Peer 1: 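Would you mind keeping the following structure in view while I ask a few things?
Worth saying up front: this structure is predicted, and the values here are computed from it rather than measured. We name chains A, B, ... by the order of the sequence lines, and we start the count at 1 in each one.
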Protein chains: 2
Amino acid sequence: MRVTKAQAQANRAHIVETASVLFRERGYDGVSVADLMAAAGFTHGGFYKHFASKADLMAEAAACGFSQSLENRAQVDISEFITRYLSREHRDGRGMGCTMAALCGDAARQPEEIKATFASGIENMLAALEPGEGAQDETGQQLRAAIISRVAHAVGALVLSRACPDDSPLADEILAVCRTRILASLPPLSVD
Amino acid sequence: MRVTKAQAQANRAHIVETASVLFRERGYDGVSVADLMAAAGFTHGGFYKHFASKADLMAEAAACGFSQSLENRAQVDISEFITRYLSREHRDGRGMGCTMAALCGDAARQPEEIKATFASGIENMLAALEPGEGAQDETGQQLRAAIISRVAHAVGALVLSRACPDDSPLADEILAVCRTRILASLPPLSVD
DNA sequence: ATTATCTATAGATCTATAGATAATGC
DNA sequence: ATTATCTATAGATCTATAGATAATGC
């Protein structure tokens with residue numbers, strides 16, 4: 001049953017990506033190694049030829065999630081990003097959504113190494129929300145503060161909305177209210 | 001080993017309060033029934049004379065946490081509340097802190113019944129942040145929106161700060177920035 | 001010869017239950 | 001007689017490992 005080196009590496013990457021989705025959906029403790037390997041199409045014994053432990057995988061799976069959301073950076077308008085981030089679709093699709101919002105609660109109880117990965121993930125989000133060309137910047141000193149604030153605001157709205165029952169009016173209200181307020185806080189585009 | 005009816009009820013309440021703290025510290029899956037009962041001073045078999053299941057306890061423990069933080073309501077100035085909420089002490093003392101921030105990530109993966117408890121908890125937080133007497137209210141329509149926004153902002157800042165490594169500059173920066181910005185967003189007190 | 005994967009299982013842990021114990025409360 | 005708690009354990013599950021298998025890659 002041996003495969004090529006390249007195939008083994010692809011298999012490993014596939015396990016990390018599968019874990020990235022499953023962890024976001026069910027949390028770290030909600031996914032067993034056997035569950036994960038079955039979802040990735042393998043038997044569970046093989047896991048330990050790829051990773052030293054399940055905790056090891058957690059860090060890789062989180063980093064994988066952050067790097068994927070980073071792909072969108074700068075390509076997407078900030079207003080559009082906020083509108084999508086605080087949409088019902090994003091709230092109801094945890095597996096494909098923001099790793100930070102899905103797992104930051106779990107991260108708080110993990111070892112320092114994993115928290116370091118999440119701190120990098122936060123910096124990635126800040127970079128993604130940096131205004132692009134053509135925006136009237138806030139004063140330099142205040143710019144980073146404004147971005148941090150928006151990220152906290154958006155993540156808070158999403159995690160609170162997800163803690164409400166499905167189809168609860170409060171869940172939708174939180175998303176709508178915070179979406180409106182964050183969009184209103186964005187600096188206007190300069191008119192050329 | 002039997003105790004009086006009153007004592008049994010007190011024991012039950014003590015188990016719920018102990019669970020409320022331990023769940024906030026370690027998460028729902030991080031506390032076993034045996035762990036919990038030992039922490040409360042009992043053997044684990046007795047648990048099931050008090051609760052139908054561990055999931056049942058989760059709802060009670062969350063409700064207990066929400067009702068305790070509700071006690072502070074209206075007694076405390078909103079600025080003071082925000083300042084404490086976004087303090088290092090609160091961030092580093094999960095067991096005694098906000099149940100919403102500590103467990104909303106776990107709640108998102110729990111059954112509807114528990115999510116309903118968390119929705120009530122959110123409404124409690126909104127009520128706690130309602131401006132008291134003597135404040136220049138925002139227009140009625142906008143008031144609830146402003147409060148929801150502040151709660152999301154504060155919860156988001158706390159959960160992000162907790163996901164960072166201990167003593168990380170970013171963790172402190174998030175708290176400080178959001179504290180300043182939320183305080184600045186509060187309506188000024190009217191001068192008599 | 002090496003190694004990615006599989007089969008099988010050890011050892012630990014977790015939820016829940018069954019039955020015993022001993023003190024309450026009718 | 002009832003019942004809160006304890007002791008002991010059943011049954012399930014989970015992480016991790018050991019050894020077998022079979023195909024790669026020197």
Peer 1: Is the phosphate of C:dA16 approached by B:Y48 (side-chain N or O, under 4.0 Å from OP1 or OP2)?
Peer 2: yes

Peer 1: My understanding is that a pair needs two contacts under 3.5 Å, Watson-Crick or G-U wobble. By that rule, which nucleotide pairs with C:dT21?
Peer 2: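 Its partner is D:dA4 (Watson-Crick or G-U wobble, both distances under 3.5 Å).
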
Peer 1: From NE2 of B:H14 over to P of D:dA4, roughly how many Å is that when rounded to an integer?
Peer 2: 18 Å

Peer 1: Rounded to the nearest Å, what distance is computed from the CZ atom of residue A:F47 to the P atom of nucleotide C:dT7?
Peer 2: 18 Å

Peer 1: Taking the six-membered ring of A:Y28, is NZ or CZ of A:K54 closer than 6.0 Å to its centre and within 45° of its axis?
Peer 2: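 Cation-pi check for A:K54 and A:Y28: passes.
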
Peer 1: Check whether any side-chain nitrogen or oxygen of A:H50 sits under 4.0 Å from OP1 or OP2 of C:dT5, and answer yes or no.
Peer 2: yes

Peer 1: Atom CZ of A:F51 and atom P of D:dA16: how far apart are they, to the nearest Å?
Peer 2: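 Distance check: A:F51 CZ to D:dA16 P gives 13 Å.
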
Peer 1: CZ of B:F23 to OG1 of B:T99: how many Å apart, nearest 0.5 Å?
Peer 2: 11.5 Å

Peer 1: Measure from CG on B:L36 to C1' on C:dA16 and round the result to the nearest Å.
Peer 2: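 So the two atoms are 15 Å apart, to the nearest Å.
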
Peer 1: May I ask which nucleotide in the shown strands pairs with C:dT13, Watson-Crick or G-U wobble, both distances under 3.5 Å?
Peer 2: D:dA12

Peer 1: Between A:E89 and A:R94, is there a salt bridge with N-O shorter than 4.0 Å?
Peer 2: no

Peer 1: Nearest to the side chain of B:S53, which nucleotide is it out of C:dA16, C:dG25, D:dA16?
Peer 2: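 Between C:dA16, C:dG25, D:dA16, the one nearest the side chain of B:S53 would be C:dA16.
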
Peer 1: Does the pair B:R162/B:D92 count as a salt bridge with the N-to-O cut at 4.0 Å?
Peer 2: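 A salt bridge is absent here (no side-chain N lies under 4.0 Å from a carboxylate O).
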
Peer 1: Which nucleotide, C:dA4, D:dT15, C:dT24, lies nearest any side-chain atom of A:V3?
Peer 2: C:dA4

Peer 1: Please report, rounded to the nearest Å, how far the C1' atom of C:dT13 is from the CG atom of B:D29.
Peer 2: 13 Å

Peer 1: If you check the A:A8 side chain, which of C:dT9, C:dA4, D:dA8 turns out closest?
Peer 2: C:dA4

Peer 1: Rounded to the nearest angstrom, tell me the gap between atom CE in A:M37 and atom P in D:dC14.
Peer 2: 15 Å

Peer 1: Are B:I182 and B:I147 in one and the same hydrophobic cluster, where Ile, Leu, Val, Met, Phe, Trp and Tyr link if side-chain heavy atoms are under 4.5 Å apart?
Peer 2: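 Yes.
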
Peer 1: Between D:dC14, D:dT5, D:dT24, which one does the side chain of A:S32 approach most closely?
Peer 2: D:dC14

Peer 1: Rounded off to whole Å, could you give me the CD-to-C1' distance for the B:Q7 and D:dT5 pair?
Peer 2: 12 Å

Peer 1: Within the structure shown, what part of the strands sits under 4.0 Å from A:F42 by heavy-atom distance: base, sugar-phosphate, or nothing?
Peer 2: sugar-phosphate

Peer 1: For the ring pair B:F66 and B:F118, is the centre-to-centre distance below 6.0 Å?
Peer 2: yes

Peer 1: Whole angstrom is fine here: how far is it from CG in B:L57 over to C1' in C:dC14?
Peer 2: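 In whole Å, C:dC14 C1' and B:L57 CG are 15 Å from each other.
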
Peer 1: Name the residue closer to the 5' end of DNA chain C, choosing between B:K5 and B:K49 according to the nucleotide with the nearest heavy atom.
Peer 2: B:K49

Peer 1: On the side chain of B:R2, is there an atom forming a donor-acceptor pair with the base of C:dT21 - under 3.5 Å, no angle test?
Peer 2: no

Peer 1: Would you mind telling me which residue lines up with the more 5' stretch of DNA chain D, B:I15 or B:H44, judged by nearest nucleotide?
Peer 2: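 First, find each residue's nearest nucleotide; the 5'-ward one identifies B:I15.
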
Peer 1: Counting only side-chain heavy atoms from C-beta out, which of C:dC6, D:dA8, C:dA4 sits nearest to A:T43?
Peer 2: C:dC6

